[in-house]
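Given the structure is predicted, the values throughout are model-derived calculations rather than measurements. We name chains A, B, ... by the order of the sequence lines, and we start the count at 1 in each one.
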Amino acid sequence: MSDQARALRWAREVWRETPPPDREIRLGADRVARRFDVRRPRWTAHKAWVVAGATAAFLGTLAYAGRGTWSEPPPFARKPAPFDHGDSELAVGASRGDAQDVGHGDVGHGDPRNETRDEPAPSEIPSPTAHRAPPDQRMTSPRPATEPTWMDVSDALAAHDHALAEKLLIELTGRDHDANTRAKANLGLAQLDEARQDCEAARKHALQAAAVPDVEIKTVRRALELATRCSR
Amino acid sequence: MRVLAGPRPDLDDLVQCAAERMIRVLPRFEGRSLLSTFSYGIAYRTLLGHDRWFRRWSRRFAFAEDEHAPEPPNAGESSEEATLRARRSASLHRALAQLSPCKRAVIVLHDLEGMSLKDVACVVDANERTVRSRLRDGRKKLAEILLADPGFDGDEP
């Protein structure tokens, strides 16, 4: 057997006996999945809750009316009542008609006649906030509860708690975060160091931020600018 | 990506870049090759692009400390076996790292992963004759490096 064939055979053996560890694959998959985890902006979540609340209020009102509390049916629903199985088409149409009102935020005020009738007490109308689940039961996210977010860092900085901000940033530089997050966290640490006049540490963190591959160019530029400032 | 790049500190980032690129271009996959070949091609181009970037970067900067990620040990294996395995693996990866990226890719994909020449040609975006040529040169170079490596413990002829 030639040296080349021997080397190749050995390489194949070694290659086969060292498959990638499951843990490594799982961590990699988690990182990628986290990168693609779409986080809704706050205003969207707020809007969703408002729309959900308004819809709940509308449905509550409709259910209240369906029990015969109102003396006459609303103009869009002919007899029989909207939820009568005999006239399901009309009921759907009625719901659609009111859904448009909900969309414009006119629940209960679209028809002037409604204002004169017995409306449910304010406590009976489900408000958007009353139905909110506790924070841990809201929209589920794969992000663990203990994981720091940029909002936490921002809050810590706003409260001038630099020690906490630094701790959170160090956590964000961990290997289980994506490249952009780690680069930005390193840049944040560099800025904190620069504010403390610790130029050596600032430069080190800035270069670490600039060294992360495929991050946003503005992060790299800011990191390199900071590193240049600190090397003067 | 691990197959092409080997164990290295920035492997996670490379995997992530390649996965993002893969998901972005997946709608353009026409099914003319296997999905695995298509994804190997993306990983290969991501790796080449990253290496080019790193070469440019390292002309200007250098890491203050060596950041080599340790291989996590496998559970249920004696420490002696694990050490021997890690030593052999390190020798192989050290030898592969000395090859040029093009030759390393064809050696790994064809000789170690068992991919056909046609698929390898598709992955590295070259014709089959070029792949054969790279394979021949790569094998020769790899054998030279391995035979000179003290960690190489292949059978004597």
Novice: Please list all pairs meeting ring-ring contact (aromatic ring centres under 6.0 Å, His included) that have one or both residues in residues 180-208 of chain A, counting only residues at least two apart or in different chains.
Specialist: none

Novice: Between B:Leu14 and chain A, which part of the residue has a heavy atom less than 4.5 Å away: side chain, backbone, both or neither?
Specialist: neither

Novice: Go through the atoms of B:Leu92 and report whether side chain, backbone, both or neither lie under 4.5 Å from a heavy atom of chain A.
Specialist: both

Novice: Can you list every pair that meets salt bridge (Lys or Arg N to Asp or Glu O under 4.0 Å) and has a residue in residues 186-200 of chain A, with sequence neighbours left out?
Specialist: A:Glu166-A:Arg196, A:Asp193-A:Arg196, A:Glu194-A:Arg229

Novice: Just grab all the salt bridge (Lys or Arg N to Asp or Glu O under 4.0 Å) pairs involving residues 33-50 of chain B, residues at least two apart or on different chains.
Specialist: none

Novice: What's the verdict on side-chain contact (heavy atoms from CB on, under 4.5 Å) for B:Leu142 and A:Gln4, showing C-alpha distance, side-chain angles and the deciding distance?
Specialist: CA-CA 8 Å; B:Leu142 182 68; A:Gln4 197 173 307; over 6 Å; no

Novice: What I'd like to find out is whether the side chain of A:Trp15 reaches to under 4.5 Å of the side chain of B:Arg88, using heavy atoms alone.
Specialist: no

Novice: If I measure from the heavy atoms of chain B, does A:Arg16 come under 4.5 Å with its side chain, its backbone, both, or neither?
Specialist: neither

Novice: Locate the shortest heavy-atom distance separating B:Leu147 from A:Arg6; write the atom from each residue and the value.
Specialist: CD2-NH2, 3.5 Å

Novice: Sort by residue number and list every member of residues 115-136 of chain B having a non-hydrogen atom under 4.5 Å from chain A.
Specialist: none

Novice: Below 4.5 Å, heavy-atom pairs only: which of B:Ile145, B:Leu112, B:Leu146 has the largest tally toward chain A?
Specialist: B:Leu112

Novice: Quick one: CG on A:Asp178 to CD on B:Glu20, what's the gap to the nearest 0.5 Å?
Specialist: 7.5 Å

Novice: Please indicate whether A:Arg182 has more than 12 foreign heavy atoms, meaning atoms of other residues, nucleotides or ligands, lying under 6.0 Å from its CZ.
Specialist: yes

